[in-house]
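Lettering of chains follows the sequences in order, A, B, ..., and the numbering in each one begins at 1.
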Amino acid sequence: MVVNTIHWFRKGLRLHDNPSLKDSIQGSDTLRCIYILDPWFAGSSNVGINRWRFLLHCLEDLDASLRKLNSRLFVIRGQPTDVFPRLFKEWQINRLSYEYDSEPFGKERDAAIQKLANEAGVEVTVRISHTLYNLDKIIELNGNQPPLTYKRFQAVINRMDAVEMPAETITSEVLKNCVTPISEDHDEKFGVPSLEELGFETEGLTTAVWPGGETEALMRLERHLERKAWVANFERPRMNANSLLASPTGLSPYLRFGCLSCRLFYFKLTDLYRKVKKNHTPPLSLYGQLLWREFFYTTATNNPCFDKMDGNPICVQIPWDRNPEALAKWAEGRTGFPWIDAIMTQLRQEGWIHHLARHGVACFLTRGDLWISWEEGMKVFEELLLDADWSVNAGSWMWLSCSSFFQQFFHCYCPVGFGRRTDPNGDYIRRYLPILRGFPAKYIYDPWNAPDEVQKAAKCIIGVHYPKPMVNHAEASRINIERMKQIYQQLSCYRGLGMDVKWWRVPDINLVGPRCETGRGSQSARVSGVFIVKPGPTLSCEFLRSDLPLLPLGLYLGLPTI
Amino acid sequence: MKRGLQGNEQEDGGGTSGGCQKTLKRSRKQRREKDLEDEEVRWECLPQEILLHVFQYLPLLDRAFASQVCRGWNEAFHMPELWRCFEFELNQPASSYLKATHPDLIKQIIKRHSDHLQYVSFKVDSSRESAEAACDILSQLVNCSLKTLGLISTARPSFMEMPKSHFISALTVVFVNSKSLSSLKIDDTPVDDPSLKVLVANNSDTLKLLKMSSCPHVSPAGILCVADQCHGLRELALNYHLLSDELLIALSSEKHVHLEHLRIDVVSENPGQQFHTIKKSSWDAMKRHSPKFNLVMYFYLYEDEFGPFFRDEIPVTHLYFGRSVSKDVLGRVGLNCPRLVELVVCANGLRPLDEELIRIAQRCTQLSAIGLGECEVSCSAFVEFVKMCGDRLTQLSIMEEVLVPDHRYGLDDIHWE
């Protein structure tokens, strides 16, 4: 019997460490690697030009690599549920393979395709290779719940079996006698489209700062490891002015699209560490970035409401403000705070910003200054940020807005001070906001405080050529910290996840409020009951929350800066 | 119906084999029907006190559903005990994602339950309409004798955007009618001195808690009036500009109960603002009168505005620095805050806070919680700090970026230590 195979690329846009592809090639007579251009790209149609361009680069790179193996990539437009029955018939397919997608939307889509495949008598091969581990196992090991703190997550990881080795790269040896039937009009029918064909205006578009594709990814990996080896230091690099700029060794977009295998990265890091540190066991912190990614994937996989506040059991219900005008100013870099505006400009132009820059703008939008919902910020990042996929983006936004994951909210990034400490000279501002070039370092972060002469000399009058600051940061952050405290105070009548919340003001409730639900249930924070202000017992902590599970020294680990 | 039950028992509980046989003879279907009857009987019999107890556990919506079941349960739903507490949520769809309390429910409460209400709070979003709606409701609570009132802005302070007179008149209604207010939370509102006088005139015997941070229309004299008359005041929250030596002395007078909690917000509107000083003797008087009181201070100042602060010993227990604070000031904190229990520093400069942190560990022997944001501390100093006060720390939150590896310790070593 002739075995005709389709391999379906979604993420995992690579030929190295692609076990589902490799396994399905075994015994196949024909192979066709397809990519379906689904109008609902990654669950939303909210995708900016940089992300499309990156994807197209990836597809072109795949096509080029496949060409070297006498194969081609088939790009097919449409929805999977329509496309597959047609292809099964047309190409007489009896085998289908794809990389496992852990996201709820992905699982639903794949279940539908599995059903179609079963009906058509098509064997389906699915392998895990987008994450280091089998996420369901992590959840199982944690008592059938995803760990909600990074610390707990690390503890579970330590008990897991070792990460599986990356699968062998697809080469002509691997392919052996497996062929790809290519028609004359392949480029017309199945070629990778251009940005113009997708309807984008490309005039004036600068070269991509982040070129997509597996080839680029592997090159960057080598450079990344070289640099680490040369520095002989695996500690997290201190943040400085240079860190803000796109790095030629940056890997996050490539991990997101799957041009780079996380397992390959993991093993290469481990090998390098062992070599440089003479066979010491690498600490978990070495894999910081990879494990964070894994953490968010794990928390999200069984929660279809992960990207919303309403109906999301792990998200605190915070009374965010609806303010489209303010949101637009933030999204378009017109807040009047050069630090914020420069970051949002870099994001829009290039598609990547440093992690601490993300903290800064996310804090500003949500709990710091504007008190706007993190869901809005998440949507903007989804559009503009190359490495933002559903799980990691939503998880990060909930984290940064203190809506989940037990985040301390006492600290708020100052939109003036933070930038000033990072890049005292202000070069970053001048690079992305040329209108402010004329300001001296002393005033470039708060140009509204510059005397008139300075503004005139800089040929930039605040309020005319560059907006005035849209909020008074001190006032806004003071109010917002108070709001956060209010919310968490009300949560004190809710024993979440088996931990006693010793907040400083436990209201004396005359009538029992709503029942405290054990386990999830930030819904119970949305009490239909009462917040009674009565003199109560004084407890020790006013600002810091006592419900956080702490390390023995209580180090609060932030998100990685790589 | 009770009799019916007894009758059954007599029949069944005969104990003799004859009785048992009689039961057995009844068909299964008949027995089931009888059981059902018995169950119906029991539910209707449920005394009001038990219903009340059960209803107290139900969220409002479920209670409302239950009230539709039958007349008896509907009566229970409207029992005064269930309407002592209520939180009105006032949101507009244009400015909030959350749902508001249904207007019909609000009407019902005002109509049927306004004299039952004792503990009331209003949560409003950032729109003016919500604040005005809250005041409209307040104005109608003429029959209430409130013990607790909370006006809570959940986003931007919308009470400040409505006409001041509308707000004051609504608040005055409550002050005049309640006469037994114990807790009052009116932060971020346009409350003024005259309305505080009305509050005092009617509730001086009962007032225990007053939170009025960021009420710009109140003057030091206004709050002094409260301190002078309300001798039961145990908790007070206000802004620094209202704090005076006279106020502290008044709170320490013999007639006054022990103060438990004093929160002060020190906020700078514009760079270069001047702040007055409080005499050490005033703080000493407070300490003598209320030795256990918590003094909580929030600082939102520019770095160069800290001049008047921490020059003398001050009995502060919880300190929060919301903006950048200099090494110098933190050094003074170490010297002058022996009662310090909790310290949070959001930001500092680029030089390590090693000495300052060590000094705080040495001299603030009550310190049990510390949080450090954008600061720098060398790993060695951090280790020493933890060694010195680790056994009394219940909370230690320090952003990882804060720690600077030095020749003795790297970040990984810290984890081990």
Checking [X] against chain B: side chain, backbone, both or neither under 4.5 Å from a heavy atom?
X	answer
A:Asn472	side chain
A:Trp371	side chain
A:Cys412	backbone

Report summary line: In this structure, CG of B:Leu98 is separated from CG of A:Asp310 (nearest 0.5 Å) by 8.5 Å
**Report entry** Test log, rule side-chain contact (heavy atoms from CB on, under 4.5 Å), inputs A:Asn323 and B:Ser95
**Finding:** CA-CA 7 Å; A:Asn323 193 339; B:Ser95 44; over 6 Å; no
Between the main-chain N or O of [Y] and the side-chain N or O of [X], is there a donor-acceptor pair closer than 3.5 Å?
X	Y	value
B:Arg156	A:Ile479	no
A:Arg322	B:Ala94	no
A:Arg421	B:Asn348	yes

Under 4.5 Å heavy-atom distance to chain A, tell me which part of [X] shows up: side chain, backbone, both or neither.
X	answer
B:Ser324	side chain
B:Asp265	side chain
B:Ser213	neither

Report task. Start with the C-alpha gap between A:Glu482 and B:Asp187, add the side-chain angles, then the distance that decides, and say whether side-chain contact (heavy atoms from CB on, under 4.5 Å) holds. Result -> CA-CA 10 Å; A:Glu482 207 46 46; B:Asp187 310 273; over 6 Å; no
Query - For chain B, the option from A:Arg420, A:Arg478, A:Glu375 that forms the most heavy-atom pairs under 4.5 Å - result: A:Arg478
